Amino acid sequence: MENAFGQPQRVIVLGGSSEIARAITKKLVAARAHTVVLCGRNPELLAKASEEALDYGATATPLVHLDAEHPASATTTVDEAFAAAGGSVDLVIVAVGHLGSQADDETSPEAALAMMNVNFTWPVVALTEVRNRLVAQGSGRILVISSVAGMRVRRSAYLYGGAKAGLDRLADGLADSLEGTGASLQLLRPGAVRTRMTAGLADMPFMTGPNEVAEYVMAGLSTNQRVIWSPPVLRWVYLILRHLPRQLWRMVMDR
Amino acid sequence: MSRQKLMGWGRTAPSFGDLQLPRSEEDVLHALGHGPVIARGLGRSYGDPAQVSGGVVLDNRGFTTIGEISPDGVVTVEAGVSLHELLKVTIPLGWFVPVTPGTRQVSVGGAIAADVHGKNHHVDGSFGDHVLSMRILTPVGAFDVTPTHHEDLFWATIGGMGLTGVVTSVTLRLTAIETDRVLVDTTKHRNLDSVMDAMRTGDDAYRYSVAWVDCMTKGASMGRAILTRGHHAGVDDVEAVTLAGPTNARLRVPVDAPSGLLNPFTIRAFNQLWYRVAPSKKDREIQGLSTFFHPLDGLNDWNRMYGRRGFVQYQFAVDDYHGDVVVKAIERLSSSGVPSFLAVLKRFGPGNHGPLSFPMEGWTLALDLPVGPSALPGVLDDLDDLVLDAGGRVYLAKDARLRPDAVRAMYPRLDDFLTVKQTYDPDQRLTSDLARRLNIGGQH
Ligand SMILES: Cc1cc2nc3c(=O)[nH]c(=O)nc-3n(C[C@H](O)[C@H](O)[C@H](O)COP(=O)(O)OP(=O)(O)OC[C@H]3O[C@@H](n4cnc5c(N)ncnc54)[C@H](O)[C@@H]3O)c2cc1C
């Protein structure tokens with residue numbers, strides 16, 4: 001069970017090999033998490049994530065296969081993950097996502113479909129099943145890894161940003177639906193993070209490392225705030241950016 | 001099924017369960033036919049022992065009968081009776097409860113399950129030491145137990161946090177009083193050493209003793225304290241003999257205070273004021289029972305003062321050879337900038353046979369800490385290590401954040417407890433959020 005500081009003991013990570021998820025997992029394990037179910041597609045990366053979690057003190061890290069390109073499989077993955085957790089689950093992290101390559105993807109209907117599947121449809125199917133489980137449990141949290149890219153969709157990443165926008169707005173409504181059930185949902189809206197996904201891109205303003213994101217998550221879990229911004233100043237930055245006149249917005253963000 | 005949000009007095013880590021109000025033994029036995037299930041009293045435990053997410057929570061307030069008091073002060077009461085209601089009946093007849101926690105708003109069932117202690121532990125022991133018999137409903141049936149008959153179930157239930165069964169009635173021995181007054185001696189101490197010295201050498205001469213310690217001062221006045229000790233006043237100590245029961249609280253905190261209202265600044269100011277206004281020494285002051293034993297009961301829902309994020313209480317016990325842990329714990333807190341209201345320092349007499357009963361001979365310190373400062377979880381983990389190294393333990397009735405492995409080390413008789421639980425609850429139906437969190441029995 002979660003303790004008074006929002007520190008969970010049993011955790012499921014959907015997208016367990018993502019670098020942000022791994023950084024969060026390490027911190028959770030260093031606090032109270034003993035069981036972390038890692039769900040992902042790449043067995044090698046998962047094995048690495050598992051090794052890391054065990055290093056930090058986890059006692060069990062069951063691995064579950066996840067294929068986000070096939071949204072219909074999300075239910076099975078979630079069911080397997082809950083079974084593997086071996087008890088009531090305190091936190092489910094939804095960290096599935098793929099940045100893609102806008103230039104290549106925007107002319108390909110297949111690629112567009114894949115982008116929606118991975119970044120939106122699969123997570124939504126999974127969330128639906130997770131929601132059922134946690135409501136039945138009467139406790140537990142969901143952390144959805146959204147992105148500031150969904151706050152206002154940029155020309156240069158509209159597939160990714162659009163899918164994240166959909167996920168972010170949907171999750172916000174889903175969070176409201178959990179009121180009075182004992183389950184809850186929090187959104188993480190990180191700015192650019194230095195990871196594999198962004199390797200090769202130039203440093204951007206307000207860019208953080210995964211560990212820093214994880215710090216903000218730990219603080220956010222203890223306060224129950226609906227939205228965790230990373231870094232927190234982005235909340236104000238995006239309040240302005242979202243209302244900039246289009247010309248200005250494009251000058252600033254779509255150089 | 002109607003799900004309800006349930007949490008402890010600290011208002012942290014709520015969960016939803018099906019709250020039922022059984023009115024008969026059949027109702028309880030029926031509920032024990034499935035798990036997960038746990039009893040709940042008045043929710044005065046700080047953390048999560050009286051809730052089980054997704055399970056059935058049995059509100060014990062359907063059991064409220066108080067029996068006749070025998071001439072030698074033995075009474076049988078149902079487990080849902082609060083000490084408040086019990087005292088209303090007993091004080092006018094010249095009887096007081098043998099042990100009372102800092103609030104009257106606890107049920108007899110809760111007092112058993114936590115094996116609560118009061119200001120008289122060094123003389124009278126804990127609540128369980130005054131219980132002559134109990135009726136306990138378990139998943140394998142009903143048992144009438146005493147310290148010598150089904151003694152395994154009796155002692156596992158004393159301090160067992162509700163995990164062995166549902167207590168329905170309790171026979172206990174009351175304490176005779178001649179008046180509803182207490183004779184109180186108060187002394188003021190500049191620092192921790194001074195107050196601990198006074199307690200070590202002088203507590204034996206008093207039935208009741210407690211010190212309030214300021215954890216926010218550093219340096220030479222670190223741990224300055226006010227020590228109050230007393231006895232029940234006899235007929236010769238007062239001008240007119242009265243025996244009046246307690247009255248209900250008239251004030252209530254209506255809404256959650258903003259989180260952060262209780263911050264290092266306001267708490268330091270409060271502690272300062274409290275220390276300044278106390279007399280430096282006062283002898284044989286006559287106080288009412290409520291003023292002396294339950295000063296906070298005049299204000300309902302005072303826990304809301306801590307705001308939406310709630311608070312935790314950290315209470316530990318160490319033996320006499322490790323009194324330095326009390327000093328180190330207060331040093332660690334006062335240097336970390338984590339704000340804490342007045343801490344309560346007491347001496348314990350010997351513990352009892354309850355494998356999970358908290359008291360052990362020596363010292364106990366209790367600290368109220370608002371949730372919020374990011375350093376707090378780590379500071380408390382450090383205190384756990386200090387306490388563990390000293391062979392001490394943390395009180396489960398106050399806990400909301402221990403590690404399972406720490407509990408195992410702090411309660412060396414945990415396995416004995418689990419063996420008894422397995423006998424009376426073979427399917428591990430009785431469990432709670434606390435039991436799941438600390439891995440002390442029951443289904444996950
Ligand atoms: C202001 C304040 C001061 C306090 N001071 C002290 C103190 O000085 N000393 C001390 O020892 N404690 C103290 N406490 C803690 C309190 O005494 C205990 O937590 C006590 O258990 C609360 O009783 P309750 O009826 O509220 O039980 P709850 O908090 O509702 O439940 C506590 C436990 O009792 C079990 N339980 C309840 N009813 C039954 C039953 N019928 N059968 C079996 N199990 C049952 C529950 O399952 C749970 O595990 C204080 C608490 C507060 C809020």
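Naming convention: chains lettered A, B, ... in sequence-line order (proteins, then strands); numbering from 1 in each chain. Nothing here was measured: the structure is a model prediction, and the numbers come from that model. As a basis for the values below, the full set of heavy atoms in this structure was taken, side chains included, without hydrogen atoms, waters or symmetry mates.
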* **CG on B:Asp433 to CD on A:Glu2, rounded to 0.5 Å** => 10.0 Å

* **B:Arg11 versus chain A, the contacting section by heavy-atom distance below 4.5 Å** => neither

* Structure fact -> Most contact-rich option vs chain B, by heavy-atom pairs under 4.5 angstrom, among A:Ala136, A:Ala219, A:Gly87, is A:Ala136

* For the candidates B:Leu6, B:Val52, B:Asp48, B:Leu402, which exhibits the highest count of non-hydrogen atom pairs separated by less than 4.5 Å from chain A? -> B:Leu402

* Asked: Is atom OH of A:Tyr56 surrounded by more than 12 heavy atoms (other residues, nucleotides or ligands) closer than 6.0 Å?
  -> no

* To do: Can you establish whether the number of heavy atoms outside A:Met207 located under 6.0 Å from its atom CE is more than 12?
  => yes

* Asked: Are B:Arg3 and A:Thr181 close enough that some pair of their side-chain heavy atoms sits under 4.5 Å apart?
  -> no

* Choice from A:Met218, A:Gln9, A:Gln7, A:Arg32 maximising heavy atom contacts with chain B below 4.5 Å -> A:Arg32

* Asked: Measuring heavy-atom distances to chain B, does A:Ala85 have an atom under 4.5 Å in its side chain, in its backbone, in both, or in neither?
  -> neither

* **chain A contact via B:Leu434 - which portion, at a heavy-atom distance below 4.5 Å** => neither

* Asked: From A:Asn3 CG over to B:Leu380 CG, what is the distance, rounded to the nearest 0.5 angstrom?
  -> 10.0 Å

* Toward chain A, the part of B:Asp399 with a non-hydrogen atom under 4.5 Å -> neither

* Asked: At what distance, to the nearest 0.5 angstrom, does NE2 of A:His34 lie from CG of B:Asp405?
  -> 10.5 Å

* Measuring heavy-atom distances to chain B, does A:Ala183 have an atom under 4.5 Å in its side chain, in its backbone, in both, or in neither? -> neither

* **Interatomic distance, B:Thr12 atom OG1 to A:Phe5 atom CZ [nearest 0.5 angstrom]** => 8.0 Å

* To do: Check whether B:Arg309 gets within reach of chain A through its side chain, its backbone, both or neither, counting any heavy atom under 4.5 Å.
  => side chain

* Which region of B:Ser374, side chain (C-beta onward) or backbone (N, CA, C, O), has a non-hydrogen atom less than 4.5 Å from a non-hydrogen atom of chain A, or is it both or neither? -> neither

* **Closest non-hydrogen atom pair between A:Asn224 and B:Arg308, with its separation** => CB-NH1, 4.4 Å

* Asked: Can B:Ser53 and A:Ser139 be counted as having a side-chain donor-acceptor contact under 3.5 angstrom?
  -> yes

* Taking atom CD of B:Gln422 as the centre, report whether more than 12 heavy atoms of other residues, nucleotides or ligands fall under 6.0 Å from it. => yes

* Could you tell me whether B:His34 atom NE2 has more than 12 heavy atoms of other residues or ligands within 6.0 Å of it? => no

* **Heavy atoms of other groups near A:Arg41 CZ, more than 12 under 6.0 Å** => no

